[in-house]
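Counting convention: from 1, in listed order, for ligands and their atoms alike. Bear in mind the structure is a predicted one, so any value in this text is a computation, not a measurement.
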Amino acid sequence: MVRVPRSLSSVPPPPGPFRRSFWRSPIRGPWLTAFFGSILLVGVTLMFATGLLSYDAYNPGLGHNATDRGHHLSHVFLFDWPTHPYWLYRVTQGVHVTLGLVLIPVLLGKLWSVIPKLFEWPPVRSLAHMIERLSLLLLVGGAVFEFVTGIMNIQYFYRFPGSFYVLHLYGAWVFMAAFVVHVGMKFPKMVRALRSRRMRDVLRTDVAHTEPEPPDPDHLVSPSPARPTMSRRGAIGLVGASSLTVFVVTAGQSIGGWTRHLAVLAPRDADISSGPNGFQINKRAAQVGIKPEETGASWRLTLHGPPGSHPIVMSRAQLLAMPQHTAHLPIACVEGWSSGNQKWTGIPLRDLATMAGVPDPSSLYVQSLQKGGEFSRVTLRGNQVMNLDSLLALTVNDVDLSMDHGFPARIIVPANPGVHNTKWVSQLTFMA
Ligand SMILES: Nc1nc2c(c(=O)[nH]1)N[C@H]1C(S)=C(S)[C@@H](COP(=O)(O)O)O[C@H]1N2
Ligand SMILES: [Mo]
């Protein structure tokens, strides 16, 4: 093992946080760290799983999708995202986003519990120690990066160079690699620490009776503990209450019903007054440059079939004269919100595929009247086209779609991420 010369490691730490005696909380120690760590172990694993599912639901690899630039890693985990059950994406993405928000206080608690390690002295003791510290940098940096990019995205305040999908996915792989190494190294310690005290005793101990843990080899326990100002029970309660508060003010956006009114921290633009069309709007027509004259009587839908075949051009009246199908489906956005089930009526995409001369398409390329922007086009997979409930919707809740919900026609597909339910559709190209 490479050793830092003795002379260097015997340099006394500078005053301040590099001195172990600077950190005096008597509740800091292996038990509290293990307690928060065990919650993160479960929570982060679930977030990684639901995040990968979300990525898969975007049909990466099919052309023109927002994620198709993230190629290299996108093929690590690929199966055809199903259309059953229709609420699948609503649940996986609701869990992903809500859990991410609820875990913030736990993450902060965990980081607080290990903060003296950030100021270890000497900064590097040996090669092994250096590698361990670098892996911790990836772990903490990765976690902070994933939480920050995720939160900025759902708050419509994403300011990073590069696509959110790609950065958040790559960041997740880096973070998870560091996470697996970290858990691998710390798991036995975590179990031992959790066993060192009974939860029942922790919950019964008030501030006056709060004692520091015995000194530990990792130096989490303060060498000069101050008088306790908070019990472990209090710290857990504080974090728990914060997480619960975050849950109450956000989860309603995905759960729906009366809980939607509680989701004050997750407001979404909606015209409640507009009756049947009164549910969340992601982007308004005016915002993306859709002009009323484009959606009026002159609007046409163009269906493209096999190469060389003549495109079929249809007016909205002609579409309305075709056999209509109704499906009750939610819009479930990657940002975690869901509109809840709405009653959509229109023409099954598979009927349009048959009309276009591609009765069993492998994919469908959808284009919007909207010019440019990642959301103006999408490629859906064959299994999504073939579900009877996959529609080119003309009405919602028995009235015409409003301009903001995609009039004259929009895509709605069961279990599809919201962003792939393209609004203001103008062209459909079915690929054999
Ligand atoms: N053409 C187009 N379609 C679009 C979008 C868009 O910006 N442009 N936004 C998408 C996103 S991100 C979502 S979540 C849903 C939201 O549909 P809604 O606004 O009707 O609720 O529409 C999708 N379809
Ligand atoms: Mo969305």
Side-chain angles (χ1 to χ4, degrees), residues 54-55 57-59 64-67 87 89-90 92-94 96-97 150 152-158 163-165 168 253-254 256 260 263 266-272 274-291 294-295 299 301 327-346 349 364-380 384 390-397 399-428:
S54 178
Y55 192 76
Y58 270 71
N59 285 331
H64 307 294
N65 289 343
T67 40
W87 41 259
Y89 190 75
R90 181 179 180 186
T92 60
Q93 197 58 16
H96 187 72
V97 171
M152 285 169 88
N153 190 56
I154 64 175
Q155 292 300 332
Y156 297 148
F157 192 75
Y158 183 75
S163 154
F164 164 74
Y165 308 99
H168 200 65
Q253 67 165 340
S254 21
R260 200 177 295 286
R268 281 296 167 251
D269 196 16
D271 294 325
I272 302 300
S274 69
N277 274 284
F279 55 94
Q280 289 95 325
I281 297 161
N282 172 274
K283 287 266 171 61
R284 287 178 179 273
Q287 251 178 302
V288 298
I290 304 289
K291 296 182 200 72
E294 296 174 282
T295 59
W299 175 84
L301 173 74
H328 292 82
L329 299 172
I331 296 215
C333 182
V334 69
E335 294 142 18
W337 61 263
S338 170
S339 68
N341 288 357
Q342 309 294 332
K343 180 185 177 189
W344 306 93
T345 302
L349 292 176
L364 163 60
Y365 178 45
V366 180
Q367 285 164 283
S368 168
L369 289 172
Q370 184 185 345
K371 309 277 178 306
E374 267 180 342
F375 302 169
S376 63
R377 61 216 160 102
V378 70
T379 306
L380 300 171
Q384 296 181 303
S390 298
L391 305 177
L392 181 72
L394 304 169
T395 72
V396 65
N397 301 322
V399 301
D400 278 348
L401 295 172
S402 69
M403 274 294 280
D404 291 326
H405 283 305
F407 184 85
R410 77 171 301 163
I411 297 289
I412 182 84
V413 169
N416 203 22
V419 58
H420 281 187
N421 293 319
T422 308
K423 304 194 274 192
W424 314 293
V425 171
S426 62
Q427 315 219 19
L428 298 176

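Contact detail for Asn277 and Ser402: the closest heavy-atom pair is OD1-N, 3.0 Å. Taking each heavy atom of Leu329 and Trp344 in turn, the nearest pair found is O-NE1, 3.0 Å.
Protein residues with a heavy atom under 4.0 Å from ligand 1 are Gln280, Ile281, Asn282, Lys283, Ile331, Cys333, Trp337, Ser368, Gln370, Phe375, His405, Arg410, Gly418, Val419, Asn421, Thr422, Lys423, Trp424.
No donor-acceptor distance shorter than 3.5 angstrom exists from the side chain of Ser54 to the backbone of Gln93, with no hydrogens or angles considered. No donor-acceptor pair closer than 3.5 Å links the side chain of Lys423 to the backbone N or O of Asn421.
Contacts of Arg90 classified as side chain to side chain donor-acceptor pair (under 3.5 Å), with partners at least two apart in sequence or in another chain: Ser338.
Close placement of the Phe279 and His405 rings is indicated, their centers lying within 6.0 Å of each other.
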